[in-house]
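The structure appears below as structure tokens.
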Amino acid sequence: MGEGHHGWKGWQKSRAYTFLTSFSADVEPSSFHQASKDDRWIEAMKFEIEALEQNNTWSVVDLPVGKIPIECKWVCKIKYNADYTIERFNARLASKGFTQHEGLNFHDTFSPVAKMTTVRAVIATAALKHWPIFQMDA
């Protein structure tokens with residue numbers, strides 16, 4: 001088998017993951033209705049809301065006249081350890097941003113994603129310069 005995108009080990013892990021999750025009792029819900037029936041997903045959603053509130057992610061304001069609010073949905077994923085045991089239940093509140101139009105609904109975009117090479121470079125620089133490093137979000 002060729003290297004492909006993830007190489008041989010990625011292929012093996014993918015097959016093992018598929019095999020293990022094919023008969024797992026823990027399922028990632030596809031709707032809020034499904035997630036709301038499981039206390040583990042409810043806790044994950046509460047944790048996400050608390051994090052969004054602590055980070056002052058939004059402000060509650062009156063909807064301007066003639067505007068339609070942007071809907072959101074819960075995206076629920078089970079995070080696994082390297083040995084395929086469950087690490088945690090992760091819920092993220094995602095806006096349905098595909099309904100937005102640049103210049104009308106928004107002007108700037110922001111995505112809190114960093115490449116691991118960038119993170120390593122920042123940590124290495126901080127270590128060399130003896131700068132303190134703080135974790136802001138778990």
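Small disclaimer: the values here were computed from a predicted structure and weren't measured.
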Rounded to the nearest 0.5 Å, how far apart are CD1 of Ile78 and CH2 of Trp41?
5.0 Å
Strictly by modelled atom types, are Asn55 and Thr57 linked by a side-chain donor-acceptor pair under 3.5 Å?
no
By side chain to side chain donor-acceptor pair (under 3.5 Å) - contacts of Ser30 (at least two apart)
Gln34
With sequence neighbours left out, write down each residue that passes side chain to side chain contact (heavy atoms under 4.5 Å, CB included) with His33, or none if nothing qualifies.
Ser31, Lys37
Non-neighbouring partners of Ser59 that pass side chain to side chain donor-acceptor pair (under 3.5 Å), sequence neighbours left out
none
With sequence neighbours left out, write down each residue that passes salt bridge (Lys or Arg N to Asp or Glu O under 4.0 Å) with Glu53, or none if nothing qualifies.
none
Under the criterion side chain to side chain contact (heavy atoms under 4.5 Å, CB included), I'd like the reasoning laid out for Thr125 against Trp131: C-alpha separation, chi angles, the key distance, then a yes or no.
CA-CA 8 Å; Thr125 302; Trp131 294 341; 4.0 Å; yes
Lys96: which residues meet the salt bridge (Lys or Arg N to Asp or Glu O under 4.0 Å) condition with it, sequence neighbours left out?
Glu71
Can you spot which of Met45, Lys77, Glu28, Arg40 makes a side-chain contact (heavy atoms from CB on, under 4.5 Å) with Phe89?
Arg40
Checking Lys46 now: which residues fulfil salt bridge (Lys or Arg N to Asp or Glu O under 4.0 Å) with it, not counting sequence neighbours?
Glu43
Do the side chains of Ile49 and Phe32 join up, straight or via other hydrophobic residues, at under 4.5 Å, putting them in one cluster?
yes
Taking only residues two or more places apart in sequence, or in another chain, which ones meet Asp39 in a side chain to side chain contact (heavy atoms under 4.5 Å, CB included)?
Ile42
Tell me every residue that passes side chain to side chain donor-acceptor pair (under 3.5 Å) with Asp62, counting only those two or more places apart in sequence or in another chain.
none
Chi angles and distances behind the side chain to side chain contact (heavy atoms under 4.5 Å, CB included) call for Tyr80, Ile86:
CA-CA 5 Å; Tyr80 293 92; Ile86 293 176; 3.8 Å; yes
Members sharing Ile133's hydrophobic cluster (side chains within less than 4.5 Å):
Val119, Ile123
Between Glu87 and Asn81, what is the shortest heavy-atom contact and its length?
CB-OD1, 3.4 Å
Residues sharing Met116's hydrophobic cluster, by side-chain heavy-atom contacts under 4.5 Å among ILVMFWY, directly or via others?
none
